[in-house]
Amino acid sequence: MTVSEKVAYLKGLADGLGIKDSTNEGKLMLAVIDVLESMAGDLEAVDAHAKGLSDSISDINEDMEYLEDLCIGDIDDDDEDYDDADDDANVSCTGCCGSCGGDEQEYEVTCPKCGETITVFEEDLDFGSIRCPKCDAELEFDMSSDDDKDKKDK
């Protein structure tokens, strides 16, 4: 029995018992039944919405499985002998942390505002500037070569 059916039963029971809004108790009972009826309607709407969302999620899961099969299904078939040791061997280091022997160039820069020494990696220089982690000053980098500067001066 649904909540709406139970509320309808209570409403019928109140009618059958002759509960009227002429007494204080009758007003209270009928008001409670009205609130329950309203709540039952809201609950049914929430249930319908939840079912719709559940169906949508199921559809998305099916689509994702299809896409996974398209994109990585062949990879899984080729890598049957794959294990964690292969995982370490296939990682290529960018040298960003310096701990793995990467060959990315790193530079030490001193902030002119606070004097903090900052390690800057080559790929950070591509942005043209960084912020000092200590004082938040903007440190700008001129990446043009000395040859470019000589040509501009002439």
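Ionic pairing of K51 and D55 is present here: one or more N-O contacts between side-chain nitrogen and carboxylate oxygen are shorter than 4.0 angstrom.
The distance from atom CD of E62 to atom CD1 of I57, rounded to the nearest 0.5 Å, is 12.5 Å. Taking SG of C114 as the start and CG of D136 as the end, the distance is 10.5 Å to the nearest 0.5 Å. For the atom pair CD1 of I60 and CD of E65, the computed distance is 12.5 Å after rounding to the nearest 0.5 Å. Separating the CZ atom in F121 from the CD1 atom in I130 is a distance of 10.5 Å, to the nearest 0.5 Å. Atom OG of residue S38 and atom CD1 of residue I33 lie 14.0 Å apart, to the nearest 0.5 angstrom. Here the straight-line distance linking atom SG of C71 with atom CE of M64 works out to 8.5 Å at 0.5 Å rounding.
In this structure, the side chain of S56 engages the main chain of G52 through a donor-acceptor pair within 3.5 Å.
Listed by chain and residue number, E138 satisfy the side chain to side chain donor-acceptor pair (under 3.5 Å) test with S129 (two or more places apart in sequence, or in another chain). Partners of D63 according to the salt bridge (charged side-chain N to carboxylate O under 4.0 Å, His left out) rule, which considers only residues two or more places apart in sequence or in another chain, do not exist here. Here K11 pairs with E37 under the side chain to side chain donor-acceptor pair (under 3.5 Å) rule; sequence neighbours left out.
In this structure, L17 is a member of the same hydrophobic cluster as Y9, with clusters built from ILVMFWY side-chain heavy atoms closer than 4.5 Å.
The 12-atom threshold is not exceeded at OH of Y66, counting heavy atoms of other residues, nucleotides or ligands nearer than 6.0 Å.
Across I19 and L30, no two heavy atoms sit closer than the pair O-CD1, 4.1 Å.
Each side-chain hydrogen bond (donor to acceptor under 3.5 Å, both in side chains) pair with one or both residues in residues 108-121, not counting sequence neighbours, would appear here, but there are none. Every pair tested for salt bridge (charged side-chain N to carboxylate O under 4.0 Å, His left out) that includes a residue from residues 20-29 fails, sequence neighbours excluded, so the list is empty.
Cluster partners of M39, by chain and number: V35. The rule joins Ile, Leu, Val, Met, Phe, Trp and Tyr whenever side-chain heavy atoms lie under 4.5 Å apart.
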